[in-house]
2 protein chains.
Amino acid sequence: MPTIYEVSKLAGVSLATVSRVMNNTSPVRESTRKKVEAAMAELGYRPNSIARSLASNRSDSIGILVSELHGPFYGAMISSIEAEFRTAGKHVIIAAGHSEEATERDGIEFLLSRNCDALILHVEAVSDEYLVQLKAKEIPFVLINRQVPALQPQCISLNNKLGGYLATQLLLRQGHRQLGYISGPLWKTDAQDRYRGHQLALQEAGLDWDPKRLFEGDYHEDGGSAGIRYFLQQGIPLTALICANDEMASGAMTEAREQGLFIPQQLSIIGFDNVMLSHYTYPKLSTIDYPIAAMGQMAARWVLKEVYQQKQPELQLVFEPRLIERDSCVVLPQP
Amino acid sequence: MPTIYEVSKLAGVSLATVSRVMNNTSPVRESTRKKVEAAMAELGYRPNSIARSLASNRSDSIGILVSELHGPFYGAMISSIEAEFRTAGKHVIIAAGHSEEATERDGIEFLLSRNCDALILHVEAVSDEYLVQLKAKEIPFVLINRQVPALQPQCISLNNKLGGYLATQLLLRQGHRQLGYISGPLWKTDAQDRYRGHQLALQEAGLDWDPKRLFEGDYHEDGGSAGIRYFLQQGIPLTALICANDEMASGAMTEAREQGLFIPQQLSIIGFDNVMLSHYTYPKLSTIDYPIAAMGQMAARWVLKEVYQQKQPELQLVFEPRLIERDSCVVLPQP
DNA sequence: AGACTGAATGTAAGCGCTTTCATTTATAGC
DNA sequence: GCTATAAATGAAAGCGCTTACATTCAGTCT
């Protein structure tokens, strides 16, 4: 475990000069640089990250706070972030907030205590006020999937309204008029926006909005199952169903099948998110792609640009969803 | 940002006493303790983790190296590890090795550079020799899903042979005799062991081993598809198929369906791992459960016991798989 | 009260590195 | 060669905390 002191003695220079060579912070004569590098190589010197961090109050690492460490959504996000930073020679430190305020705060504090140079936050429970205060403390962070009006230039999000619109428009284009909609929990902004997009598409098609054709689900599989049972019990005729996420779509497919319906011949179903499961259902699920990997990558680029002053292509803050047509939606047969 | 110096002045004690109160390292008179605690509370003092780590060469955090940051297997593993440590008041730092030797080494060095107290390693590419040397450097670590003979007491693994045995036995019990097997890449130990279990079950049933009924897949969906095509092209009659993982089983199901086979009426299929996708296939996939969450939890307990000297229930190093019967395997109709 | 011993606390050095300011060296111009 | 200036380097302090060893305090026994 050689230290900088040993390197400086072997190279015959001061500690400060070794530091300058390592960090390229000031000009160093080429001949001096070579002596230092040779000494480092001979000793197999590796700088102590903790000491560097204490002295410099930086760490060349970036903290990521996600709601969970498992699940395709978060996996794709952290994976794409990590890949971007790996290329830039930086490390990530990941913490989980579990969508609870105290745990989210604890996670953020953990990351800050490790002197992370910036944070990428996917948080739900902490208040806008807390986030505004975080910015006031000069802590650099970027938010994913969270809109805070006062922090707009550091919010990366998806145009959920457009996603709901696209999903609905596909079915309308296929001739469906008897549509059902299983929403997420409507206190959530993304669930509201997705539903608004659905309503907009209906309006443009000259269809009336009918509250009976909305079922508020929970973003889990059970919500999809319950939605199907609700529509059947209400005797609401459906030829197509829009689910506000893929997991509920999967639940709806299973329940519809158990109720004797053929998918997609009797009921077309479309989901939202394009998480991994949509590829494994039978029939394969049509869905709206949530470009979470691209958004994670953009968050990483934001940090590289804003915090490390690296050149980056133009930053994009609002992402658009994309329609993924698979097998679960078909053209309505002509009457 | 109050420091320990400010706390000591306000409480009227030395730095060392504040440290003792914080870390409970030596006895402190109760009245002194109360003064220190009051000063800390009044100042809103939070110790600087970096400084603590530099001075003590510890960090109250544990490093986890996984092959990937995405995917249900790794998600479940790190999630269960994190949960166990969260309960114990510790944090995890996660790095990805991407199954490449250089990246795995870089990840381990990153974790060590953060003074992680121990490592939990899921590594494939680094050699046994490297791991033995790591131990020689007195670095505490536990391996998941890796057997290194010289490091046996710190290896947590699955009895893969039993899993292959259980999968095969189910089908034999259901009356199937025309079995196919799609293995993982046979240079991998787990793929070998799973296949050995399959062979054992055949042997016990008095069936001959036929090399034509083995197709070596790649553990990806394409491997499953290719396996089906191989068996069909060879004109090998099958009533049941064992796939060495769920992803290949999914590919096999899709391909069989495209080839006009009904699942499970004409071909029963069983997978291995019980990753999330097995729940979403149609019909739902029978599989062998890989208790990765329990194994991750056990790795965490190993660390808590061996490194932090906390009391833990008896440690378990070898885990047994469990048969999960869903809808993709049926009893062979009587001739 | 004094001596002894254990408990409690303080002092000082150090963990390994960064960085500011002082000092030295090198270069250019006259 | 001398002067001025820029480039390069060194010395010293400090980042915030831990901990070993020295010192002080408190309790018990004679």
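First the proteins, then the strands, lettered A, B, ... as listed; each starts at 1.
Residue Arg146(B) forms a side-chain hydrogen bond (donor to acceptor under 3.5 Å, both in side chains) with just one option from Asp190(B), Thr189(B), Asp128(B), and that option is Asp128(B).
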**Message:** How would you summarise protein contacts on nucleotides 8-17 of chain D per nucleotide, using B for base, S for sugar-phosphate only and - for none, with heavy-atom distances below 4.0 Å?
**Reply:** SBBB--BBBB
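Under the 3.5 Å distance criterion, the side-chain polar atoms of Asn115(A) are matched with a main-chain donor or acceptor of Ser53(A).
The existence of a salt bridge linking Glu109(A) and Arg105(A) is excluded, since no basic side-chain nitrogen approaches an acidic carboxylate oxygen closer than 4.0 Å.
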**Request:** Step by step, work out the side chain to side chain contact (heavy atoms under 4.5 Å, CB included) result for Thr32(B) and Val13(B).
**Result:** CA-CA 8 Å; Thr32(B) 307; Val13(B) 300; 3.8 Å; yes
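Contacts classified as salt bridge (charged side-chain N to carboxylate O under 4.0 Å, His left out) and involving residues 60-76 of chain B (residues at least two apart or in different chains) are given here: Asp60(B)-Lys90(B).
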